[in-house]
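These figures come from a predicted structure and were not determined experimentally. The first residue in the sequence is number 1, and the count goes up from there.
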Amino acid sequence: MAADSTEQNAGNVLADVRAVPGRIVAAWQQNDGEAFADAFTEDATLVLPGTFLTGRRAIGSFMTGAFAGPFKGTRVTGDPVDVRVLSGDVAVLTTRGGVIPPGATALPEENAIHATWVLVRHAGDWLIAAYQNTPAVTARS
């Protein structure tokens with residue numbers, strides 16, 4: 001019986017961790033920089049090509065500006081491809097996704113990224129402590 005309970009809890013943890021990108025997608029759909037930032041810890045880091053941010057407030061401010069500027073009208077996708085639970089309250093998630101331009105029906109391959117998410121459980125919620133992405137496709141000359 002204890003093994004079943006442990007397996008069920010592990011399944012719940014994996015499902016909860018895999019659900020975190022959905023919070024980002026939902027905030028993006030609403031162009032809501034604050035909701036986007038709410039998925040991060042207070043002292044989180046966000047690394048994007050050409051950008052390094054520290055703290056939930058900085059992340060929210062950056063995304064609010066991005067939704068009014070370069071990300072206006074875009075959509076985002078991110079599908080888990082690997083999950084590792086390092087301890088009961090720490091997990092590493094890898095996703096593949098990217099930004100879908102306005103008017104596009106699918107993610108252009110040149111926009112595809114792989115992302116690493118370091119997640120921590122805080123007061124029962126999984127939050128992003130660190131996020132970094134890199135292009136999934138190598139540029140060709």
Are [X] and [Y] joined in one hydrophobic group, where the rule is that I, L, V, M, F, W and Y side chains link up if heavy atoms are under 4.5 Å apart?
X      : Y      : answer
Val47  : Ile113 : no
Val120 : Phe40  : no
Val99  : Val20  : yes
Trp28  : Leu127 : no
Val25  : Phe71  : yes

Residue pair [X] / [Y]: nearest heavy atoms and the distance that separates them:
X      : Y      : value
Thr74  : Pro102 : CG2-CD, 3.8 Å
Asn133 : Pro49  : OD1-CD, 3.3 Å
Glu109 : Val137 : OE2-CG2, 3.2 Å
Pro70  : Gly65  : CD-O, 4.3 Å
Arg23  : Ala39  : NH2-CA, 3.4 Å

Using side-chain heavy atoms (C-beta onward) and a distance below 4.5 Å, is [X] in contact with [Y]?
X      : Y     : answer
Asp38  : Arg56 : yes
Glu34  : Thr64 : yes
Thr77  : Thr95 : no
Arg96  : Val81 : yes
Thr45  : Leu53 : no
Pro80  : Thr94 : no
Leu93  : Pro21 : yes
Arg121 : Val13 : yes

Spacing of [atom1] belonging to [X] relative to [atom2] belonging to [Y], to within rounding of 0.5 Å:
X      : Y      : atom1 : atom2 : value
Ile128 : Ile59  : CD1   : CD1   : 8.0 Å
Leu48  : Thr134 : CG    : OG1   : 11.0 Å
Met63  : Asn31  : CE    : CG    : 9.0 Å
Glu42  : His122 : CD    : NE2   : 8.5 Å

Quiz item: For the side chain of Arg18 and the backbone of Asp79, is there at least one donor-acceptor N/O pair under 3.5 Å apart?
Solution: no
Quiz item: Of Trp117, Phe52, Phe36, which is the lone residue that meets ring-ring contact (aromatic ring centres under 6.0 Å, His included) with Tyr131?
Solution: Trp117
Self-check item: Any residue meeting side-chain contact (heavy atoms from CB on, under 4.5 Å) with Arg84, in chain and number order, not counting sequence neighbours
Solution: Asp82, Leu86, Val92
Quiz item: If you measure only the distance, is there a donor-acceptor pair under 3.5 Å linking the side chains of Asp43 and Thr41?
Solution: yes
Practice problem: Dump the intermediate steps for side-chain contact (heavy atoms from CB on, under 4.5 Å) on Leu46 and Thr51, then the final yes or no. | Solution: CA-CA 8 Å; Leu46 175 73; Thr51 302; 5.6 Å; no
Quiz item: Is the CD atom of Gln30 crowded by more than 12 outside heavy atoms at less than 6.0 Å?
Solution: no
